[in-house]
Amino acid sequence: MPSPHLAPAGPLHRPLRWGILVAIFGSLWLSGCTIPMDPRKDQPFQERASITDRPATRPTRSISSFSDSLVCMDHMLRDAQQPTTLITSKQIPDYSGRVAVASKDMVITALSQMSRLSNAFRFVDYEVDIARQDTVQNLTTILLNNNQIQLQRPALYISGAVSFADQNVINNRFDTGLSGPRVDLGYSQSRNATIIGLEMHLGDFRTRTLIPGLDSANEVIVGSGGQGVDLAGRIGTYGVQFNVGRDYTQGAGSAMRTLVDLATIELVGKWARVPYWQCLTLEQNHPDFQRQLRDWYDEGSASVRIQLVARSLTSRGYLAAGASSASPSSSSSLAEPNPQLRAALARFQADNGMVVTGVVDFPTYERALRHFVDLAADGTLARIGWSSTHAEPVQPKPEAADQPTKPVVTSALMYGAPAAERTLNMQIENVLLDRTAFEVGEQIFLSATVSRASFLQCYLADATGTVMRLLPNQANTVGWVSANQAVRIPDWMSPNPGFVMDAASPGREGVACFATDEDSTAKLPDDLRGPALKAIQGIRTLEKINEAFAKAWGSTGYTGNAVYWNVVPRRTPTAASAAPAPRK
């Protein structure tokens, strides 16, 4: 009979051996825990934390379905000669407690986007809530108490609130399953919709009354949905589980930006009495506009996308013809363009308010090709002149119907590059109806707007033949201006504008501005490099300035525009006009 210590392991011996092994590993683990870990050994692991903490995708510009409508309103307010109005806003509370977003800041952004060209609104930023006051607010209060600054009273204010957020107004659920001896299968699907409502009103700040009819009440639907599959089975004595699902949730942030933009357009349009509905019928307002463009973006290859965007940039003057070929060595999903195209992409992205990347990502694709999209007869979005398989865009569709233009009492001359490449728009801001001239001593206010970010130089020629440079000057030493943002000449909203422009002598006066991609100072003659606001010797007309720019840059290297007006002697009031009107 074999000795006991050589007996084979039976059912009673296996649990004993497992227990001994567990006890050994447990004692080793407990003894290891009594010794502190050495953080130096984790240094290679920790070094990757700063890289891992960064986002995996580039940020994008926050836009809504009505972002282009805000730009349209800016042009409309400019054409309607809307003067600058001070406006403020109350907090936009959320009484539902379910939409915690910064609605007031969205209002400020919408008003700012409607004032880039028109200068229609200036927002008065003053906070009375102690919990919301910051360093700027505290300094403002101190200076106000010491009479060191003044706050101008707003003319208007915006009031409103998130009136309701009805969650799960409609809800659809579907669940099913199958069970067997060795397999369990389940499938689930759910969909629901939530409605968010926003009320906004426009009030008269002087009387603290809400203006009848200037209100907006809109609502938007946000939804969520999901699908899931569960699978469980048994193979022998082992169990296997498998679960997969896909879900989407439309957030309240984007929905609220859409509601705020729409409400601001309605309130401003009604108050300014402009046909604001023309800005709400753009194709870009279609809910599926960006989704459809994303589908077209995914259909084409990287080379096709680059060719499409490059042709659009060429037609806009950002890129020279023939400089759009992609790198043949690149095989990534987003082919790397050449340096000329990257530079053109960067300038195009900056001019259109996007995050500058220098690559053909989807936001750039959408901005470059948005004018090649129109509504088909059935109400769907359709491409115009290009497809996903080749890059042959035709001229974009015409813009919406022309808005009424302001009364023209001046003559203008265009210089330099064709308007299709870069436009430079100038206009007199203090022109009234039936106005034909300015009197001696009367102040004149101009604005200049360039379609692309450029260096801007402006010159004044008075009736006596004196020519001087207005911009750049000591207050604006660089002359760099952003795209599609009006430059005030002089800056009448600044307490220290740097200069004022008065009608000097009877005759014809004018201002000419010239835009270039680079600073023109080094290329111009020595006579034009002198200090600003000083008479330029040897030059008596704006045409001579234009000749200097044409010689330095060539006929296509710059864009210029000039606007002229007449100056008449000051009228003296007669006795009849000076006497008060008799009472009736």
Exercise for review: Report yes if the side chains of Leu262 and Leu280 come closer than 4.5 Å at any heavy-atom pair, otherwise no.
Suggested key: yes

Check your understanding: Can you tell me how far the OH atom of Tyr297 sits from the CG atom of Leu308, to the nearest 0.5 Å?
Key -> 11.5 Å

**Study point:** Interatomic distance, Gln284 atom CD to Glu366 atom CD [nearest 0.5 angstrom]
**Key:** 7.5 Å

Exercise for review: Could you tell me which non-hydrogen atom of Arg305 sits nearest to which non-hydrogen atom of Tyr365, and how far apart they are?
Suggested key: CG-CE1, 4.1 Å

Exercise for review: Taking the side chain as every heavy atom from C-beta outward, state whether Arg257 and Phe66 have any pair of such atoms under 4.5 Å apart.
Suggested key: no

Check your understanding: side chain to side chain contact (heavy atoms under 4.5 Å, CB included) with Asp38: which residues, sequence neighbours excluded?
Key -> Arg40, Lys41

Exercise for review: Identify which one of Thr109, Ile158, Thr88, Leu86 satisfies the side chain to side chain contact (heavy atoms under 4.5 Å, CB included) criterion when paired with Phe123.
Suggested key: Thr88

Point to revise | Leu424 side, atom CG; Thr559 side, atom OG1 - distance, nearest 0.5 Å | key: 7.0 Å

Review point. Considering residues at least two apart in sequence or located in another chain, which fulfil the side chain to side chain donor-acceptor pair (under 3.5 Å) criterion with Asn484?
Key: none

Review point. Would Arg294 count as a cation-pi partner of Phe362, with NZ or CZ less than 6.0 Å from the six-membered ring centre and within 45° of the ring normal?
Key: yes

Check your understanding: Considering residues, nucleotides and ligands other than Leu210, do more than 12 of their heavy atoms fall under 6.0 Å from its CG?
Key -> yes

Point to revise | Candidate pair Val107 and Met200, rule side chain to side chain contact (heavy atoms under 4.5 Å, CB included), full reasoning | key: CA-CA 10 Å; Val107 171; Met200 284 179 56; 4.0 Å; yes

**Study point:** Side chain to side chain, Asp517 and Arg347, heavy atoms closer than 4.5 Å
**Key:** yes

Exercise for review: Would you check if Phe205 and Leu156 make a side-chain contact, meaning some heavy-atom pair closer than 4.5 Å?
Suggested key: no

Check your understanding: After noting the C-alpha distance and the side-chain angles of Tyr95 and Val162, does the key distance pass the side chain to side chain contact (heavy atoms under 4.5 Å, CB included) rule?
Key -> CA-CA 6 Å; Tyr95 290 106; Val162 177; over 6 Å; no

Review point. Any side-chain heavy atom of Gln290 within less than 4.5 Å of one from Ile63?
Key: yes

Point to revise | Check ion pair Asp184-Arg234 (N to O, under 4.0 angstrom) | key: no

Exercise for review: Give a yes-or-no answer on whether the side chains of Asn138 and Thr135 include a donor-acceptor pair shorter than 3.5 Å.
Suggested key: no

Exercise for review: Test the Arg452-Tyr318 pair against the cation-pi criterion, namely NZ or CZ under 6.0 angstrom from the six-membered ring centroid and within 45° of the ring axis.
Suggested key: yes

Practice item. Using only heavy-atom distances, determine whether the side chains of Asn285 and Ser65 contain a donor-acceptor pair under 3.5 Å. Key: no

Practice item. Looking only at non-hydrogen atoms, find the nearest pair between Met114 and Leu70 and report the distance. Key: CG-O, 3.6 Å

Check your understanding: Quick one: are Gln485 and Thr449 in side-chain contact, heavy atoms under 4.5 Å?
Key -> no

Check your understanding: Is the closest side-chain heavy-atom distance between Ile92 and Leu198 below 4.5 Å?
Key -> yes

Check your understanding: Is the backbone of Gly223 close enough, under 3.5 Å, to the side chain of Gln250 for a donor and an acceptor to pair up by distance?
Key -> yes

Review point. How far does CG of Asp215 sit from CG of Leu267, to the nearest 0.5 angstrom?
Key: 7.5 Å

Check your understanding: Can you check whether Ala310's main-chain N or O pairs, donor with acceptor, with Thr314's side chain at less than 3.5 Å?
Key -> yes

Exercise for review: Quick one: sort the Trp271 and Phe121 rings into parallel, tilted or perpendicular, breaks at 30° and 60°.
Suggested key: tilted

**Study point:** Heavy-atom pair of closest approach, residues Val99 and Ala165
**Key:** CG2-CB, 4.0 Å

Check your understanding: What do the steps show when you test Arg370 against Asn352 for side chain to side chain donor-acceptor pair (under 3.5 Å), and what is the final call?
Key -> CA-CA 12 Å; Arg370 56 175 41 219; Asn352 285 271; over 6 Å; no

Check your understanding: So does Tyr238 have more than 12 non-hydrogen atoms from other groups sitting under 6.0 Å from OH?
Key -> no

Check your understanding: Which heavy atom in Ile306 sits nearest to a heavy atom in Leu341, and how many Å separate them?
Key -> CG2-CD2, 3.6 Å

**Study point:** Flag if over 12 foreign heavy atoms under 6.0 Å of CD, Gln46
**Key:** yes

Exercise for review: Go through the steps to decide whether Gln113 and Asp74 satisfy the test side chain to side chain contact (heavy atoms under 4.5 Å, CB included), and finish with yes or no.
Suggested key: CA-CA 7 Å; Gln113 292 180 0; Asp74 192 13; over 6 Å; no

Review point. Taking it one step at a time, do Ser89 and Lys104 satisfy side chain to side chain contact (heavy atoms under 4.5 Å, CB included)?
Key: CA-CA 7 Å; Ser89 174; Lys104 179 181 176 181; 4.2 Å; yes

Check your understanding: Which heavy atom in Ala368 sits nearest to a heavy atom in Phe372, and how many Å separate them?
Key -> O-CE1, 3.9 Å

Check your understanding: How long is the span from the NE2 atom in His286 to the OG1 atom in Thr380, to the nearest 0.5 Å?
Key -> 7.5 Å

Exercise for review: I would like to know whether Thr357 and Gln349 meet side chain to side chain donor-acceptor pair (under 3.5 Å); could you show each step before the answer?
Suggested key: CA-CA 8 Å; Thr357 61; Gln349 291 165 341; 3.1 Å; yes

Check your understanding: Are any non-hydrogen side-chain atoms of Asn425 and Arg78 less than 4.5 angstrom apart?
Key -> yes

Review point. Looking only at atom types and distance, does a side-chain atom of Thr52 sit under 3.5 Å from a main-chain N or O of Arg48, one as donor and one as acceptor?
Key: yes

Point to revise | Short side-chain donor-acceptor distance under 3.5 Å, Ser216 and Asn218 | key: yes

Exercise for review: Can you see which heavy atom on Trp277 is nearest to which on Val274, and at what distance?
Suggested key: CZ3-O, 4.2 Å

Check your understanding: Within the distance-only criterion (no hydrogens, no angle test), does the side chain of Arg173 pair as donor or acceptor with the backbone N or O of Ser188 below 3.5 angstrom?
Key -> no

Point to revise | Gap separating the CD1 atom of Ile235 from the CZ atom of Arg182, nearest 0.5 angstrom | key: 9.0 Å

